[in-house]
Amino acid sequence: MDATDLDHRVRTRSGCIPPHPVSRLLELGHAEAVGYWAGRGEWFCARERARLLGEQGLRAEALEILAPYLATGWWTATRTTAKLLESWGRADEAIALTLSRVKAGHPSALESYARLLARHGRGDEAFTLLRPHIDDRILATALVDVAAGTRHDEEAAALLAARIPDGHRCDTPWCCRGLAPDTAIGLLAVIRERQGRVDEAAALLRTRNGTSVNGRDQLADLLARHDRTGELRAYAATEVLGHAAQCLAELLEERGDVEGAITVYERACGSSVSRGTMTVQLARLLARHGREDEAIELMRDAAGGADDWILHVLCALCADAGRPEDGLAFLDAIEERRGEEEWDLFWIRLPLLAACDRVDEAIERARAHPEGGTSYAAPHIAELLAGAGRTEEAVEVLRPHASANRHELAGYLIDLGRVEEAVTVLRRDESRPPRPSTTARSAEPPF
């Protein structure tokens, strides 16, 4: 085994047996096949096999399965083995194993090692290890986390405050070297909230250029956690992305104030730059509370001339509400206006036709579509066939496009019990990990 090759295959899910097929094999009683491939370089098989052996109390056998992967020095194998050891109550061994990778200089090992130390009563030691790395975003986050429950909160706060220049906020990713001021502010706010200094945490977050990351707003979540509904309402009225409005609506829904949540979303639909997203959130809220007809009507209004993803949501709501005919009627009206539907829009009607007991018609229309013979159309047709109990036909549809649909093809082969053929399909991949660059990297932007 080779660490670079393992890492490439696992990251790209290419040339290997991915997690879902492994789970499907086990579900269908093919544990022996999973064990076989676990010993032949298939990481996801090995990981699942080791987990199951551990649950059965066969811990030595579990470690034996992982040993060849661990011997390559591959970080993923190290991390997985350490997690197993820790879950078995063998924290000292997990710590020693992770430390070996820290000493070898692996870039991700220090964070895992420090967090492991902190979880097992060695928070002071973890903090000391991380303190020199405060300018690294990931390690700074770990520093703030391991400081919890120790006497180091103020020291961590001071380190972060020193990285927040007065009157300056970054406007490009490479504006400031080291820890970005906005990141430092967010981490400092975490400490202040933990100390009970909520006013100070909120004031800090209001100085940031933006408090939203991955669809969540740190300031809004802070206000919600501390029941500051009035402040959250005021913030939601001015926050243009709609994340604060979503946070407020979620809070009101949890409290049983569905009408209040609806009102919040309705206002956000009119003011947010993410109007489509807010409309979808409102429709899903209505559907959750048995008001599917209102949800569909809302999405019908939003879908006129809207992006295709809005149509996907509308049709899914129609299907879930038992009204597939309404979804089809709306798509027919769009087709009449636009002319021939491209596949990205056409395929939305296929599950609706199936829900109307018109599977054969759906298959015939899909095959007759100008793009019906393409690799991206094949999985949709195969899904219709498999859903109708015609899995062998689904396999034949996918086979000419195996390189683009290997996971789908393998899944149906597994369902048919053709395990060896499925594994062959999954492992047949000509891609190789890129060779390490011989050109020195510049530390100057752009990277």
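Contact of the R79 side chain with the T76 side chain is registered, since non-hydrogen atoms from C-beta on lie closer than 4.5 Å. Taking 4.5 Å as the limit, some side-chain heavy atom of L331 sits within range of a side-chain heavy atom of L345. Within the 4.5 Å cutoff, the side chain of V190 has heavy atoms near those of the Q218 side chain. Considering only heavy atoms from C-beta on, L143 comes within 4.5 Å of L159 through its side chain. Looking at heavy atoms from C-beta onward, D182 lies in side-chain contact with I185 at the 4.5 angstrom threshold. No side-chain heavy atom of H30 sits under 4.5 Å from any side-chain heavy atom of R24. With contacts defined as side-chain heavy-atom distances shorter than 4.5 Å, the pair L282/V264 does not qualify. H8 has its side chain within reach of S14: a pair of non-hydrogen atoms, C-beta onward, lies under 4.5 Å apart.
Put simply, the residue from L63, L66, L58 that forms a side-chain contact (heavy atoms from CB on, under 4.5 Å) with L53 is L58.
Summarising the geometry of L84 relative to R51, their closest heavy-atom pair is CD2-CA, 4.4 Å, with the distance given to 0.1 Å. Contact detail for P18 and F44: the closest heavy-atom pair is CA-CD1, 3.8 Å. The shortest non-hydrogen separation linking A410 to L426 is CB-CG, 3.5 Å. Closest approach of A236 to A244, counting heavy atoms only: CA-CB, 3.8 Å. Across all non-hydrogen atoms, the minimal contact from A114 to A126 is O-CB, 3.3 Å. Of all the heavy atoms in A295 and A283, the pair that sits closest is CB-O, 3.3 Å.
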Query - Steps toward side-chain hydrogen bond (donor to acceptor under 3.5 Å, both in side chains) verdict (E42, Y36) - result: CA-CA 9 Å; E42 288 296 336; Y36 175 84; over 6 Å; no
Report task. Begin with the C-alpha distance, continue with both residues' side-chain angles, and end with the deciding distance and a verdict on side chain to side chain contact (heavy atoms under 4.5 Å, CB included) for E200 and I191. Result -> CA-CA 10 Å; E200 191 173 341; I191 294 174; over 6 Å; no
Requested in this report: Could you walk me through whether T72 and T4 pass side chain to side chain contact (heavy atoms under 4.5 Å, CB included), step by step?
Outcome: CA-CA 9 Å; T72 66; T4 301; over 6 Å; no
Requested in this report: For the pair R163 and I134, evaluate side chain to side chain contact (heavy atoms under 4.5 Å, CB included) and give the outcome as yes or no after the intermediate values.
Outcome: CA-CA 9 Å; R163 282 149 181 83; I134 187 65; 3.1 Å; yes
Query - Residue pair R323, I296: steps toward the side chain to side chain contact (heavy atoms under 4.5 Å, CB included) verdict - result: CA-CA 10 Å; R323 295 170 51 185; I296 291 170; 3.5 Å; yes
Query - Steps toward salt bridge (Lys or Arg N to Asp or Glu O under 4.0 Å) verdict (R300, D293) - result: CA-CA 10 Å; R300 196 198 308 272; D293 291 347; over 6 Å; no
Query raised in the report: Checking side-chain hydrogen bond (donor to acceptor under 3.5 Å, both in side chains) for the pair E154/Q195: CA distance, chi angles, key distance, verdict?
Result: CA-CA 10 Å; E154 277 306 322; Q195 293 174 322; 3.0 Å; yes
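Electrostatic pairing of R206 and E231 counts as a salt bridge here, judged by a charged N lying under 4.0 Å from a carboxylate O. For D124 and R151, the salt-bridge test passes: some basic side-chain N is under 4.0 Å from an acidic carboxylate O. Salt-bridge annotation for R197 and E193: absent, with no side-chain N of the basic residue lying under 4.0 Å from a carboxylate O of the acidic one. Here E250 pairs with R216 in a salt bridge; the nearest charged N to carboxylate O distance falls below 4.0 Å. Between D5 and R9, at least one side-chain nitrogen of the basic residue sits less than 4.0 Å from a carboxylate oxygen of the acidic one, meeting the salt-bridge criterion. By the 4.0 Å N-to-carboxylate-O rule, E266 lies too far from R275 to be salt-bridged with it. Salt-bridge annotation for R284 and D320: absent, with no side-chain N of the basic residue lying under 4.0 Å from a carboxylate O of the acidic one.
At most 12 non-hydrogen atoms from other residues, nucleotides or ligands lie less than 6.0 angstrom from NE2 of H20. Within 6.0 Å of CD in Q56 there are more than 12 heavy atoms belonging to other residues, nucleotides or ligands. Taking a 6.0 Å sphere around CD of E125, one finds it holds more than 12 heavy atoms contributed by other residues, nucleotides or ligands. Heavy atoms of other residues, nucleotides or ligands lying less than 6.0 angstrom from CZ of R267 number 12 at most.
Relative to the ring axis of F127, R131 does not place its NZ or CZ within 45° and under 6.0 Å from the centre.
Of the inter-residue distances, the one linking T81 atom OG1 with E93 atom CD reads 11.5 Å to the nearest 0.5 angstrom. How far OG1 of T279 is from CD1 of I310: 6.5 Å, rounded to the nearest 0.5 Å. Once rounded to the nearest 0.5 Å, the distance linking CG of D145 with CG of L139 reads 11.5 Å. Atom-to-atom distance recorded for L398:CG and Y412:OH is 6.5 Å, nearest 0.5 angstrom. Taking CG from L286 and OH from Y265, the interatomic distance works out to 10.5 Å, rounded to the nearest 0.5 Å. Residue W37 holds its CH2 atom at 12.0 Å from SG of C16, rounded to the nearest 0.5 Å.
A donor-acceptor contact shorter than 3.5 Å links the side chain of H106 to the backbone of S108. A donor-acceptor pair under 3.5 Å links the side-chain atoms of N405 to the main chain of H401, judged by distance alone. Side-chain N or O atoms of R194 include one that pairs as donor or acceptor with a backbone N or O of V144 at under 3.5 Å. Between the S112 side chain and the A109 main chain, no donor and acceptor come within less than 3.5 Å of each other. Without hydrogens or angle criteria, E239 side chain to G242 main chain gives a donor-acceptor distance under 3.5 Å. No side-chain donor-acceptor contact under 3.5 Å links S274 to the backbone of T277. In terms of modelled atom types and a separation under 3.5 Å, the side chain of T183 and the main chain of L179 share no donor-acceptor contact. Judged purely by atom type and a 3.5 angstrom limit, R49 has no side-chain atom pairing as donor or acceptor with the backbone of V34. Judged purely by atom type and a 3.5 angstrom limit, T80 has no side-chain atom pairing as donor or acceptor with the backbone of A77.
For the residue pair D344/Y376, the side-chain donor-acceptor check at 3.5 Å is not satisfied.
Residues satisfying the salt bridge (charged side-chain N to carboxylate O under 4.0 Å, His left out) criterion with E86, sequence neighbours excluded, are R119.
Using a 30° and 60° split on the angle between ring planes, W43 and W74 fall in the perpendicular class, above 60°.
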